[in-house]
Amino acid sequence: MVLRLYDTRSRSKRTLKTLVPGEVGIYVCGITPYSPSHIGHARQAIAFDIIVRWLRKSGLIVNHITNFTDIDDKIIRIANEENINFLDVANRNIADYFEVMDLLNVIPADSYPRVTEIIPEIIDMITKLIESGNAYSSPDGVYFEIDTAPEKYGQLTGQTLEMVREGAGGRVSKTGTGKKNHRDFALWKLAKPGEPHWPSPWGDGRPGWHIECSVMSLQHLGEQFDIHGGGSDLMFPHHEAEIFQSECCLNHDPVVQYWIHNGMINVDGEKMSKSLGNFWTIRDAISKVEPLELRYCLINAPYRQPVEFNDVMLDDSSSHYRRLLSAYGEGISKCSKGDWRSSEFLQEAESNFSEGMNDDFNTRVAIVEVQSVVKHLREKLDSNSYDDVSSAVSWLSEFAGDVLGILPSDPIVKEKIKKIESERMQVSNLVTDLLNQRKIARENKDWNKADLIRNQLNEIGVIVEDSPNGPVWKLK
RNA sequence: GCAUGGGUGGCAGAGUAGCUAUGCAGCGGACUGCAAAUCCGCGGACCUGGGUGCAAAUCCCGGCCUGUGCUCCA
(Lines give C-alpha, C1' and ligand atoms only; values in the text may rest on other atoms or scores of the structure.)
Protein backbone atom coordinates (compact mmCIF):
# COMPACT_ATOMS: atom_id res chain seq x y z
CA MET A 1 0.00 0.00 0.00
CA VAL A 2 1.17 3.51 -0.79
CA LEU A 3 1.56 6.18 1.86
CA ARG A 4 0.76 9.68 0.77
CA LEU A 5 1.44 12.77 2.80
CA TYR A 6 0.68 16.43 2.34
CA ASP A 7 3.83 18.38 1.62
CA THR A 8 3.56 22.06 2.47
CA ARG A 9 6.18 23.06 -0.08
CA SER A 10 4.41 21.50 -3.05
CA ARG A 11 0.95 22.09 -1.55
CA SER A 12 -0.16 18.64 -2.49
CA LYS A 13 -0.22 15.09 -1.27
CA ARG A 14 2.85 13.21 -2.42
CA THR A 15 3.75 9.56 -2.22
CA LEU A 16 6.38 8.96 0.43
CA LYS A 17 9.64 7.88 -1.12
CA THR A 18 12.45 7.88 1.40
CA LEU A 19 16.07 8.74 0.60
CA VAL A 20 17.21 5.40 1.98
CA PRO A 21 14.79 2.59 1.21
CA GLY A 22 13.23 1.20 4.36
CA GLU A 23 14.35 4.08 6.56
CA VAL A 24 12.94 7.48 7.30
CA GLY A 25 14.43 10.44 9.13
CA ILE A 26 12.02 12.92 10.68
CA TYR A 27 12.86 16.15 12.45
CA VAL A 28 10.12 17.92 14.38
CA CYS A 29 10.50 21.39 15.86
CA GLY A 30 9.90 21.09 19.55
CA ILE A 31 9.13 23.60 22.24
CA THR A 32 10.74 26.61 23.79
CA PRO A 33 10.48 25.62 27.45
CA TYR A 34 9.66 28.92 29.08
CA SER A 35 6.35 27.85 30.60
CA PRO A 36 4.46 24.63 31.34
CA SER A 37 3.29 22.88 28.21
CA HIS A 38 -0.10 23.74 26.77
CA ILE A 39 -2.53 21.66 24.77
CA GLY A 40 -1.11 23.01 21.53
CA HIS A 41 2.12 21.26 22.39
CA ALA A 42 0.10 18.16 23.20
CA ARG A 43 -1.69 18.25 19.89
CA GLN A 44 1.58 18.58 18.01
CA ALA A 45 3.36 15.88 19.97
CA ILE A 46 0.43 13.49 19.58
CA ALA A 47 0.06 14.20 15.87
CA PHE A 48 3.69 13.41 15.18
CA ASP A 49 3.66 10.53 17.62
CA ILE A 50 0.93 8.90 15.55
CA ILE A 51 2.73 9.73 12.32
CA VAL A 52 5.87 8.04 13.64
CA ARG A 53 3.88 5.06 14.94
CA TRP A 54 2.27 4.62 11.54
CA LEU A 55 5.57 4.90 9.69
CA ARG A 56 6.95 2.17 11.95
CA LYS A 57 3.83 0.10 11.50
CA SER A 58 4.36 0.42 7.77
CA GLY A 59 7.69 -1.31 8.19
CA LEU A 60 10.03 1.69 8.10
CA ILE A 61 12.89 2.19 10.50
CA VAL A 62 12.26 5.66 11.87
CA ASN A 63 14.73 8.08 13.35
CA HIS A 64 12.70 10.75 15.10
CA ILE A 65 14.38 13.89 16.39
CA THR A 66 12.67 16.64 18.39
CA ASN A 67 14.55 19.58 19.84
CA PHE A 68 14.32 21.93 22.80
CA THR A 69 15.11 25.60 22.31
CA ASP A 70 16.47 26.03 25.79
CA ILE A 71 17.74 29.59 25.40
CA ASP A 72 15.61 32.51 24.22
CA ASP A 73 14.32 35.92 25.21
CA LYS A 74 11.37 34.66 27.20
CA ILE A 75 13.42 32.14 29.14
CA ILE A 76 15.89 34.89 30.00
CA ARG A 77 13.11 37.22 31.06
CA ILE A 78 11.55 34.68 33.39
CA ALA A 79 14.93 33.73 34.83
CA ASN A 80 15.59 37.40 35.57
CA GLU A 81 12.17 37.85 37.15
CA GLU A 82 12.73 34.93 39.45
CA ASN A 83 16.40 35.68 39.88
CA ILE A 84 17.49 32.18 38.89
CA ASN A 85 19.62 30.69 36.13
CA PHE A 86 18.00 30.49 32.72
CA LEU A 87 18.72 26.76 32.57
CA ASP A 88 16.69 26.23 35.72
CA VAL A 89 13.71 27.70 33.93
CA ALA A 90 14.30 25.53 30.88
CA ASN A 91 14.95 22.38 32.87
CA ARG A 92 11.86 22.58 35.00
CA ASN A 93 9.65 23.09 31.95
CA ILE A 94 11.36 20.29 30.06
CA ALA A 95 10.73 18.03 33.03
CA ASP A 96 7.08 19.07 32.94
CA TYR A 97 6.99 18.34 29.21
CA PHE A 98 8.31 14.82 29.64
CA GLU A 99 5.92 14.14 32.49
CA VAL A 100 2.79 15.18 30.66
CA MET A 101 3.86 13.59 27.39
CA ASP A 102 4.29 10.32 29.20
CA LEU A 103 0.78 10.64 30.63
CA LEU A 104 -0.48 11.32 27.11
CA ASN A 105 1.14 8.12 25.92
CA VAL A 106 3.53 9.87 23.57
CA ILE A 107 6.43 7.63 22.63
CA PRO A 108 9.64 9.59 23.23
CA ALA A 109 11.64 10.73 20.22
CA ASP A 110 14.92 8.99 19.53
CA SER A 111 16.81 12.09 20.54
CA TYR A 112 16.05 15.47 22.11
CA PRO A 113 18.94 17.79 21.25
CA ARG A 114 19.18 21.13 23.05
CA VAL A 115 20.54 24.38 21.70
CA THR A 116 22.89 24.96 24.60
CA GLU A 117 24.58 21.63 23.92
CA ILE A 118 25.51 22.39 20.31
CA ILE A 119 26.95 25.90 20.44
CA PRO A 120 30.26 24.90 18.74
CA GLU A 121 28.39 23.26 15.86
CA ILE A 122 26.21 26.33 15.50
CA ILE A 123 29.30 28.53 15.32
CA ASP A 124 30.66 26.21 12.63
CA MET A 125 27.61 26.56 10.47
CA ILE A 126 27.50 30.32 10.86
CA THR A 127 31.16 30.47 9.91
CA LYS A 128 30.43 28.50 6.76
CA LEU A 129 27.56 30.79 5.88
CA ILE A 130 29.81 33.83 6.23
CA GLU A 131 32.47 32.13 4.09
CA SER A 132 29.95 31.29 1.41
CA GLY A 133 28.88 34.94 1.34
CA ASN A 134 25.36 34.29 2.62
CA ALA A 135 25.86 35.89 6.02
CA TYR A 136 27.57 38.99 7.38
CA SER A 137 28.75 40.23 10.70
CA SER A 138 27.42 43.55 12.01
CA PRO A 139 27.82 45.56 15.20
CA ASP A 140 25.06 43.66 17.00
CA GLY A 141 25.41 40.17 15.59
CA VAL A 142 25.55 38.01 12.52
CA TYR A 143 22.75 38.03 9.98
CA PHE A 144 21.71 35.90 7.08
CA GLU A 145 21.43 38.00 3.94
CA ILE A 146 18.24 37.05 2.15
CA ASP A 147 19.22 38.79 -1.06
CA THR A 148 22.02 36.28 -1.60
CA ALA A 149 19.46 33.59 -2.31
CA PRO A 150 16.24 35.36 -3.30
CA GLU A 151 15.00 32.37 -5.28
CA LYS A 152 14.54 30.49 -2.02
CA TYR A 153 12.09 33.00 -0.64
CA GLY A 154 8.49 32.06 0.12
CA GLN A 155 8.80 28.35 -0.56
CA LEU A 156 6.38 27.42 2.19
CA THR A 157 4.13 30.46 2.44
CA GLY A 158 4.05 31.66 -1.15
CA GLN A 159 5.12 35.16 -0.27
CA THR A 160 7.56 37.02 -2.48
CA LEU A 161 10.25 39.51 -1.60
CA GLU A 162 8.15 42.33 -2.99
CA MET A 163 5.15 41.38 -0.92
CA VAL A 164 7.08 41.53 2.29
CA ARG A 165 8.68 44.77 1.24
CA GLU A 166 5.25 46.32 0.80
CA GLY A 167 3.25 44.43 3.35
CA ALA A 168 5.65 44.83 6.22
CA GLY A 169 4.37 48.38 6.53
CA GLY A 170 5.14 49.92 9.87
CA ARG A 171 6.95 46.86 11.06
CA VAL A 172 9.97 47.48 8.84
CA SER A 173 11.22 50.43 10.79
CA LYS A 174 11.42 48.68 14.12
CA THR A 175 13.48 45.73 12.85
CA GLY A 176 16.53 47.82 11.85
CA THR A 177 19.66 47.71 14.04
CA GLY A 178 22.58 46.06 12.30
CA LYS A 179 20.69 44.46 9.44
CA LYS A 180 21.43 45.42 5.87
CA ASN A 181 17.87 44.66 4.97
CA HIS A 182 14.83 44.28 7.18
CA ARG A 183 14.20 40.78 5.81
CA ASP A 184 17.55 39.45 7.00
CA PHE A 185 17.42 37.34 10.12
CA ALA A 186 19.80 36.82 13.02
CA LEU A 187 22.18 33.86 13.19
CA TRP A 188 24.10 35.12 16.20
CA LYS A 189 23.02 37.78 18.67
CA LEU A 190 25.67 39.63 20.63
CA ALA A 191 24.90 39.63 24.32
CA LYS A 192 23.48 42.61 26.07
CA PRO A 193 24.71 43.21 29.61
CA GLY A 194 23.53 40.50 32.00
CA GLU A 195 22.42 38.06 29.30
CA PRO A 196 23.70 34.48 29.10
CA HIS A 197 26.39 34.22 26.46
CA TRP A 198 28.96 31.99 24.79
CA PRO A 199 32.22 33.05 23.15
CA SER A 200 32.33 33.26 19.35
CA PRO A 201 34.52 34.75 16.63
CA TRP A 202 32.07 37.66 16.47
CA GLY A 203 31.94 38.31 20.19
CA ASP A 204 30.11 36.86 23.17
CA GLY A 205 26.52 36.12 22.43
CA ARG A 206 23.96 33.43 21.67
CA PRO A 207 22.44 31.76 18.63
CA GLY A 208 19.56 33.25 16.71
CA TRP A 209 16.31 31.33 16.74
CA HIS A 210 16.49 29.46 13.44
CA ILE A 211 20.04 28.19 13.17
CA GLU A 212 19.68 25.45 15.80
CA CYS A 213 17.27 23.40 13.73
CA SER A 214 19.50 23.45 10.67
CA VAL A 215 22.41 22.30 12.79
CA MET A 216 20.51 19.63 14.71
CA SER A 217 18.85 18.10 11.68
CA LEU A 218 22.23 17.99 9.94
CA GLN A 219 23.86 16.36 12.96
CA HIS A 220 21.23 13.71 13.48
CA LEU A 221 19.77 13.10 10.06
CA GLY A 222 22.44 14.17 7.60
CA GLU A 223 22.78 16.68 4.79
CA GLN A 224 19.48 15.66 3.28
CA PHE A 225 16.63 14.04 5.12
CA ASP A 226 13.07 12.95 4.58
CA ILE A 227 10.55 14.76 6.71
CA HIS A 228 10.56 18.01 8.61
CA GLY A 229 7.56 18.79 10.78
CA GLY A 230 6.26 21.44 13.11
CA GLY A 231 3.33 23.67 13.89
CA SER A 232 1.85 25.62 10.99
CA ASP A 233 2.74 28.83 12.79
CA LEU A 234 6.41 28.00 12.24
CA MET A 235 6.24 27.99 8.45
CA PHE A 236 7.19 31.62 8.39
CA PRO A 237 9.70 32.77 9.28
CA HIS A 238 11.24 29.81 11.10
CA HIS A 239 11.07 27.06 8.51
CA GLU A 240 11.79 29.34 5.59
CA ALA A 241 14.86 30.55 7.46
CA GLU A 242 15.92 26.94 7.89
CA ILE A 243 15.66 26.40 4.16
CA PHE A 244 17.99 29.36 3.58
CA GLN A 245 20.50 28.21 6.15
CA SER A 246 20.60 24.51 5.35
CA GLU A 247 20.47 24.76 1.60
CA CYS A 248 23.02 27.56 1.34
CA CYS A 249 25.38 25.90 3.77
CA LEU A 250 25.11 22.38 2.38
CA ASN A 251 24.50 23.13 -1.29
CA HIS A 252 21.55 20.82 -1.57
CA ASP A 253 18.19 21.74 -2.97
CA PRO A 254 16.14 20.52 -1.31
CA VAL A 255 17.59 19.47 2.01
CA VAL A 256 14.13 18.50 3.28
CA GLN A 257 12.06 16.18 1.08
CA TYR A 258 8.68 16.66 2.76
CA TRP A 259 7.46 19.47 4.98
CA ILE A 260 4.50 18.66 7.17
CA HIS A 261 2.69 21.04 9.49
CA ASN A 262 0.07 20.44 12.12
CA GLY A 263 -2.89 22.78 12.60
CA MET A 264 -3.44 24.96 15.62
CA ILE A 265 -5.91 24.69 18.46
CA ASN A 266 -8.76 27.15 18.40
CA VAL A 267 -10.85 28.22 21.32
CA ASP A 268 -14.10 29.95 20.39
CA GLY A 269 -13.01 30.06 16.78
CA GLU A 270 -9.72 31.78 17.47
CA LYS A 271 -6.21 30.50 17.86
CA MET A 272 -5.46 29.69 21.44
CA SER A 273 -3.05 32.23 22.86
CA LYS A 274 -2.03 33.72 26.11
CA SER A 275 -2.95 37.25 25.14
CA LEU A 276 -6.56 36.27 24.51
CA GLY A 277 -6.77 34.49 27.84
CA ASN A 278 -8.19 31.38 26.17
CA PHE A 279 -5.28 29.33 27.24
CA TRP A 280 -5.27 25.71 28.45
CA THR A 281 -2.20 24.02 29.84
CA ILE A 282 -2.09 20.27 29.52
CA ARG A 283 -2.47 20.04 33.26
CA ASP A 284 -5.61 22.20 33.11
CA ALA A 285 -7.12 19.75 30.67
CA ILE A 286 -6.11 16.58 32.47
CA SER A 287 -7.49 17.89 35.71
CA LYS A 288 -10.88 17.62 34.00
CA VAL A 289 -10.50 14.43 32.00
CA GLU A 290 -8.18 11.46 31.84
CA PRO A 291 -5.02 12.07 29.79
CA LEU A 292 -6.03 9.50 27.20
CA GLU A 293 -9.42 11.16 26.86
CA LEU A 294 -7.56 14.35 26.02
CA ARG A 295 -5.46 12.43 23.51
CA TYR A 296 -8.60 11.04 21.95
CA CYS A 297 -10.12 14.51 21.76
CA LEU A 298 -7.05 15.92 20.03
CA ILE A 299 -7.00 13.35 17.23
CA ASN A 300 -10.66 13.74 16.43
CA ALA A 301 -9.71 16.04 13.57
CA PRO A 302 -6.99 15.23 11.04
CA TYR A 303 -3.67 16.71 12.05
CA ARG A 304 -3.67 19.55 9.53
CA GLN A 305 -7.06 20.97 10.50
CA PRO A 306 -7.47 23.38 13.37
CA VAL A 307 -9.01 21.67 16.40
CA GLU A 308 -11.86 23.43 18.11
CA PHE A 309 -11.33 23.02 21.82
CA ASN A 310 -13.66 23.70 24.73
CA ASP A 311 -15.43 22.00 27.62
CA VAL A 312 -18.20 20.65 25.45
CA MET A 313 -15.79 19.08 22.99
CA LEU A 314 -13.86 17.55 25.81
CA ASP A 315 -17.02 16.09 27.36
CA ASP A 316 -18.24 14.71 24.05
CA SER A 317 -15.06 12.92 23.27
CA SER A 318 -14.65 11.54 26.74
CA SER A 319 -18.10 10.03 26.68
CA HIS A 320 -17.32 8.06 23.55
CA TYR A 321 -13.88 7.27 24.81
CA ARG A 322 -15.34 5.69 27.93
CA ARG A 323 -17.56 3.51 25.82
CA LEU A 324 -14.50 2.32 23.96
CA LEU A 325 -12.53 1.64 27.10
CA SER A 326 -15.34 -0.11 28.92
CA ALA A 327 -15.97 -2.45 26.01
CA TYR A 328 -12.27 -3.13 25.66
CA GLY A 329 -11.79 -3.67 29.38
CA GLU A 330 -14.72 -6.03 29.52
CA GLY A 331 -13.29 -7.87 26.55
CA ILE A 332 -9.80 -8.43 27.87
CA SER A 333 -11.05 -9.41 31.27
CA LYS A 334 -13.20 -12.14 29.75
CA CYS A 335 -10.85 -13.71 27.26
CA SER A 336 -7.37 -13.60 25.83
CA LYS A 337 -6.59 -12.04 22.49
CA GLY A 338 -7.23 -13.98 19.36
CA ASP A 339 -6.37 -13.40 15.73
CA TRP A 340 -8.42 -10.68 14.11
CA ARG A 341 -7.42 -11.86 10.65
CA SER A 342 -9.85 -14.73 11.02
CA SER A 343 -12.75 -12.30 10.86
CA GLU A 344 -13.92 -10.85 7.60
CA PHE A 345 -15.49 -7.93 9.39
CA LEU A 346 -12.24 -7.06 11.10
CA GLN A 347 -10.25 -7.47 7.93
CA GLU A 348 -12.51 -4.94 6.31
CA ALA A 349 -12.08 -2.61 9.27
CA GLU A 350 -8.32 -2.96 9.02
CA SER A 351 -8.39 -2.18 5.35
CA ASN A 352 -10.42 1.00 5.89
CA PHE A 353 -8.27 2.01 8.82
CA SER A 354 -5.06 1.58 6.85
CA GLU A 355 -6.44 3.33 3.83
CA GLY A 356 -7.30 6.31 6.00
CA MET A 357 -3.92 6.39 7.67
CA ASN A 358 -2.13 6.05 4.34
CA ASP A 359 -4.03 9.04 3.07
CA ASP A 360 -2.06 11.68 4.93
CA PHE A 361 -2.57 10.08 8.33
CA ASN A 362 -6.31 10.65 8.47
CA THR A 363 -7.01 9.81 12.10
CA ARG A 364 -10.64 10.80 11.70
CA VAL A 365 -11.22 7.96 9.25
CA ALA A 366 -9.23 5.68 11.55
CA ILE A 367 -11.44 6.56 14.50
CA VAL A 368 -14.58 5.79 12.56
CA GLU A 369 -13.24 2.26 12.08
CA VAL A 370 -12.42 2.03 15.78
CA GLN A 371 -15.97 3.07 16.55
CA SER A 372 -17.33 0.45 14.27
CA VAL A 373 -15.20 -2.27 15.88
CA VAL A 374 -16.28 -1.15 19.33
CA LYS A 375 -19.87 -1.51 18.26
CA HIS A 376 -19.09 -4.94 16.89
CA LEU A 377 -17.37 -5.90 20.15
CA ARG A 378 -20.34 -4.76 22.22
CA GLU A 379 -22.64 -6.97 20.21
CA LYS A 380 -20.37 -9.95 20.67
CA LEU A 381 -20.02 -9.29 24.38
CA ASP A 382 -23.77 -9.13 24.74
CA SER A 383 -24.26 -12.35 22.85
CA ASN A 384 -21.41 -14.10 24.70
CA SER A 385 -19.63 -15.16 21.53
CA TYR A 386 -16.14 -15.16 22.91
CA ASP A 387 -14.20 -16.13 19.81
CA ASP A 388 -15.41 -12.94 18.21
CA VAL A 389 -14.73 -10.98 21.38
CA SER A 390 -11.15 -12.13 21.45
CA SER A 391 -10.52 -11.23 17.83
CA ALA A 392 -12.14 -7.81 18.19
CA VAL A 393 -10.08 -7.14 21.29
CA SER A 394 -6.93 -8.03 19.45
CA TRP A 395 -7.88 -5.69 16.61
CA LEU A 396 -8.48 -2.83 19.01
CA SER A 397 -5.26 -3.51 20.81
CA GLU A 398 -3.32 -3.34 17.58
CA PHE A 399 -4.96 -0.33 15.98
CA ALA A 400 -6.56 1.79 18.69
CA GLY A 401 -3.77 0.80 21.08
CA ASP A 402 -0.50 0.44 19.19
CA VAL A 403 -1.21 2.85 16.35
CA LEU A 404 -3.43 5.56 17.77
CA GLY A 405 -2.15 5.12 21.31
CA ILE A 406 -5.52 5.73 22.90
CA LEU A 407 -5.70 2.55 24.95
CA PRO A 408 -3.78 2.09 28.17
CA SER A 409 -1.52 -0.95 28.18
CA ASP A 410 -3.26 -4.20 29.08
CA PRO A 411 -1.55 -4.48 32.47
CA ILE A 412 -2.90 -1.04 33.32
CA VAL A 413 -6.39 -1.89 32.12
CA LYS A 414 -6.28 -5.14 34.07
CA GLU A 415 -4.82 -3.37 37.08
CA LYS A 416 -7.67 -0.92 36.93
CA ILE A 417 -10.20 -3.70 36.69
CA LYS A 418 -8.52 -5.42 39.61
CA LYS A 419 -8.53 -2.26 41.63
CA ILE A 420 -12.19 -1.76 40.93
CA GLU A 421 -12.79 -5.40 41.90
CA SER A 422 -11.07 -4.93 45.23
CA GLU A 423 -12.99 -1.74 45.87
CA ARG A 424 -16.12 -3.65 45.06
CA MET A 425 -15.20 -6.33 47.53
CA GLN A 426 -14.94 -3.76 50.26
CA VAL A 427 -18.50 -2.58 49.89
CA SER A 428 -19.84 -5.84 48.54
CA ASN A 429 -21.58 -7.03 51.69
CA LEU A 430 -23.24 -3.72 52.30
CA VAL A 431 -24.37 -3.47 48.70
CA THR A 432 -25.69 -7.01 48.60
CA ASP A 433 -27.61 -6.34 51.75
CA LEU A 434 -29.16 -3.15 50.41
CA LEU A 435 -29.93 -4.77 47.09
CA ASN A 436 -31.76 -7.56 48.85
CA GLN A 437 -33.83 -5.03 50.75
CA ARG A 438 -34.53 -3.27 47.48
CA LYS A 439 -35.49 -6.54 45.87
CA ILE A 440 -38.05 -7.17 48.56
CA ALA A 441 -39.37 -3.64 48.25
CA ARG A 442 -39.66 -4.07 44.50
CA GLU A 443 -41.46 -7.37 44.87
CA ASN A 444 -43.93 -5.56 47.11
CA LYS A 445 -44.14 -2.81 44.52
CA ASP A 446 -42.98 -0.38 47.16
CA TRP A 447 -41.31 1.85 44.55
CA ASN A 448 -40.64 4.69 46.96
CA LYS A 449 -38.60 2.48 49.20
CA ALA A 450 -36.84 0.86 46.26
CA ASP A 451 -35.81 4.24 44.86
CA LEU A 452 -34.76 5.41 48.29
CA ILE A 453 -32.38 2.49 48.54
CA ARG A 454 -31.07 3.16 45.07
CA ASN A 455 -30.39 6.76 46.04
CA GLN A 456 -28.71 5.59 49.19
CA LEU A 457 -26.42 3.34 47.13
CA ASN A 458 -25.77 6.21 44.77
CA GLU A 459 -24.59 8.31 47.67
CA ILE A 460 -21.95 5.78 48.59
CA GLY A 461 -20.82 5.73 44.97
CA VAL A 462 -22.69 2.69 43.71
CA ILE A 463 -24.64 2.82 40.47
CA VAL A 464 -27.38 0.24 40.11
CA GLU A 465 -28.55 -0.90 36.71
CA ASP A 466 -31.45 -3.31 36.42
CA SER A 467 -30.75 -5.78 33.66
CA PRO A 468 -33.07 -8.55 32.48
CA ASN A 469 -30.96 -10.90 34.62
CA GLY A 470 -31.38 -8.86 37.77
CA PRO A 471 -29.58 -5.81 39.08
CA VAL A 472 -25.97 -5.09 38.12
CA TRP A 473 -23.99 -2.59 40.09
CA LYS A 474 -20.76 -0.72 39.60
CA LEU A 475 -18.73 1.93 41.30
CA LYS A 476 -18.74 5.48 39.99
C1' G B 1 -3.16 45.18 1.93
C1' C B 2 -0.46 40.57 0.50
C1' A B 3 -0.07 35.19 1.31
C1' U B 4 -2.43 30.67 2.56
C1' G B 5 -6.35 27.44 4.27
C1' G B 6 -11.62 26.75 5.17
C1' G B 7 -17.19 27.39 4.57
C1' U B 8 -21.19 20.12 5.13
C1' G B 9 -27.28 18.52 9.49
C1' G B 10 -28.11 21.44 16.77
C1' C B 11 -22.50 20.57 17.69
C1' A B 12 -17.87 18.18 16.11
C1' G B 13 -16.20 16.37 11.62
C1' A B 14 -15.02 12.68 7.08
C1' G B 15 -16.04 12.50 2.13
C1' U B 16 -13.24 15.42 -4.66
C1' A B 17 -18.43 13.37 -9.53
C1' G B 18 -23.36 8.84 -9.19
C1' C B 19 -23.69 4.33 -3.68
C1' U B 20 -26.31 5.38 4.69
C1' A B 21 -20.00 8.76 6.64
C1' U B 22 -19.29 8.59 11.85
C1' G B 23 -19.76 10.36 16.97
C1' C B 24 -22.37 13.47 20.47
C1' A B 25 -27.16 15.75 21.10
C1' G B 26 -32.57 15.13 19.54
C1' C B 27 -36.86 11.99 18.42
C1' G B 28 -39.29 6.98 18.35
C1' G B 29 -38.96 1.86 19.88
C1' A B 30 -37.12 -2.73 22.66
C1' C B 31 -35.97 -3.68 27.79
C1' U B 32 -37.86 -1.35 32.61
C1' G B 33 -42.39 0.16 38.03
C1' C B 34 -39.18 4.34 36.99
C1' A B 35 -34.14 5.36 35.96
C1' A B 36 -29.51 3.79 34.00
C1' A B 37 -26.86 0.83 30.64
C1' U B 38 -27.26 -1.62 26.06
C1' C B 39 -29.53 -2.52 21.43
C1' C B 40 -32.78 -1.24 17.12
C1' G B 41 -34.86 2.60 14.16
C1' C B 42 -35.76 7.92 12.52
C1' G B 43 -35.15 12.81 11.15
C1' G B 44 -31.96 16.44 9.58
C1' A B 45 -26.61 19.19 5.67
C1' C B 46 -23.48 20.26 1.76
C1' C B 47 -22.33 29.55 1.94
C1' U B 48 -23.99 32.09 -2.68
C1' G B 49 -24.40 33.19 -8.18
C1' G B 50 -23.00 31.30 -12.71
C1' G B 51 -20.43 27.39 -15.83
C1' U B 52 -18.94 22.22 -17.50
C1' G B 53 -21.06 17.06 -17.19
C1' C B 54 -26.06 12.20 -18.39
C1' A B 55 -24.85 13.28 -13.29
C1' A B 56 -21.58 18.22 -8.63
C1' A B 57 -21.15 18.82 -1.56
C1' U B 58 -17.30 17.00 -4.88
C1' C B 59 -14.52 20.08 -11.11
C1' C B 60 -14.11 25.57 -13.23
C1' C B 61 -15.11 31.07 -12.67
C1' G B 62 -17.14 35.20 -9.68
C1' G B 63 -19.11 36.93 -4.95
C1' C B 64 -19.80 36.80 0.31
C1' C B 65 -18.14 35.07 5.14
C1' U B 66 -14.25 33.19 8.11
C1' G B 67 -9.39 30.98 10.27
C1' U B 68 -4.17 31.47 10.08
C1' G B 69 0.54 33.86 8.59
C1' C B 70 3.20 38.57 7.26
C1' U B 71 6.23 40.05 15.13
C1' C B 72 7.54 35.45 19.58
C1' C B 73 4.51 31.09 18.88
C1' A B 74 3.26 23.90 18.50
Side-chain angles (χ1 to χ4, degrees), chain A residues 8 11 28-32 34-35 37-48 66 69 72-74 154 156-160 162-172 174-175 183 209 229-238 240 261-266 269-275 296-297 300-310 312-313 315-321 323-324 326-327 352 356 359 362-372 374-375 378-379 381-383 441-443 445-448 450-451 454-455 458 463-468 471-474:
Chain A
T8 307
R11 284 194 202 92
V28 182
C29 284
I31 61 163
T32 300
Y34 70 95
S35 66
S37 296
H38 56 69
I39 57 172
H41 299 135
R43 148 81 143 168
Q44 191 223 34
I46 291 166
F48 284 100
T66 289
T69 304
D72 102 308
D73 290 344
K74 281 182 287 249
L156 299 177
T157 57
Q159 304 190 87
T160 66
E162 282 66 29
M163 286 166 183
V164 174
R165 227 170 255 149
E166 294 160 8
R171 282 187 286 272
V172 177
K174 72 180 181 191
T175 53
R183 283 178 261 107
W209 175 34
S232 60
D233 52 353
L234 296 184
M235 282 188 240
F236 188 95
H238 184 56
E240 294 205 351
H261 291 96
N262 65 279
M264 299 291 102
I265 289 188
N266 289 347
E270 282 180 296
K271 181 180 162 185
M272 188 179 78
S273 74
K274 282 188 172 168
S275 54
Y296 183 87
C297 181
N300 192 39
Y303 77 93
R304 284 194 289 132
Q305 299 303 119
V307 163
E308 189 60 39
F309 194 87
N310 53 49
V312 178
M313 289 298 301
D315 285 351
D316 279 5
S317 57
S318 38
S319 73
H320 180 263
Y321 180 75
R323 242 172 67 87
L324 159 67
S326 89
N352 293 338
D359 183 15
N362 192 330
T363 50
R364 180 67 218 176
V365 169
I367 283 177
V368 168
E369 289 313 307
V370 171
Q371 284 165 344
S372 120
V374 168
K375 196 171 173 181
R378 262 267 74 97
E379 281 168 25
L381 280 168
D382 291 347
S383 62
R442 293 180 76 204
E443 277 164 7
K445 298 200 189 299
D446 185 351
W447 309 127
N448 281 339
D451 288 348
R454 185 166 61 195
N455 289 340
N458 199 39
I463 298 163
V464 179
E465 292 167 4
D466 291 318
S467 81
V472 174
W473 63 275
K474 61 186 178 191

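A note on names: the letters A, B, ... follow the listed sequences, proteins ahead of strands, and every chain is numbered from 1. Keep in mind the model is a prediction, meaning the values are calculated, not measured.
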Considering just the side-chain nitrogens and oxygens of A/Thr157, establish if one lies under 4.0 Å of OP1 or OP2 belonging to B/C70. no
What integer number of Å spans the C1' atoms of B/C47 and B/G43? 23 Å
OP1 or OP2 of B/C34 less than 4.0 angstrom from a side-chain nitrogen or oxygen of A/Asn448, does that happen here? no
For A/Lys474, what residues pass the salt bridge (charged side-chain N to carboxylate O under 4.0 Å, His left out) criterion, not counting sequence neighbours? A/Glu465
For the P atoms, the ones on B/U8 and on B/U66, what distance do you get once it is rounded to whole angstrom? 14 Å
Assigned chi class of B/G23 under the 90° convention is anti
Can you tell me, in whole Å, how much space there is between the P of B/A35 and that of B/U68? 45 Å
If pairing requires Watson-Crick or G-U wobble contacts with both distances under 3.5 Å, which nucleotide is the partner of B/U32? none
Which parts of nucleotides 17-23 of chain B does protein reach within less than 4.0 Å, heavy atoms only, written one letter per nucleotide 5' to 3' as B for base, S for sugar-phosphate only and - for none? ----BBS
Look through every strand shown and name the nucleotide pairing with B/G1 as Watson-Crick or G-U wobble, where both distances are under 3.5 Å. B/C70
Output all residues satisfying ring-ring contact (aromatic ring centres under 6.0 Å, His included) with A/Phe309, sequence neighbours left out; order by chain, then residue number. A/Trp280
Working for side-chain contact (heavy atoms from CB on, under 4.5 Å), residues A/Gln44 and A/Thr66: CA-CA 11 Å; A/Gln44 191 223 34; A/Thr66 289; 5.9 Å; no
Tell me which nucleotide, if any, is Watson-Crick or G-U wobble paired with B/A17 when both distances must be under 3.5 Å. none
Ignoring backbone atoms, test whether A/Lys271 places a side-chain nitrogen or oxygen under 4.0 Å from the OP1 or OP2 oxygen of B/G69. yes
Once hydrogens and angles are ignored, does a donor-acceptor distance under 3.5 Å link the base of B/C34 to the side chain of A/Arg454? yes
Across every strand shown, the nucleotide meeting Watson-Crick or G-U wobble geometry with B/A37 (both distances under 3.5 Å) is none
Using the P atom on both, measure B/C40 against B/A25 and round to a whole Å. 15 Å
Rounded P spacing from B/C70 to B/A36 in Å: 50 Å
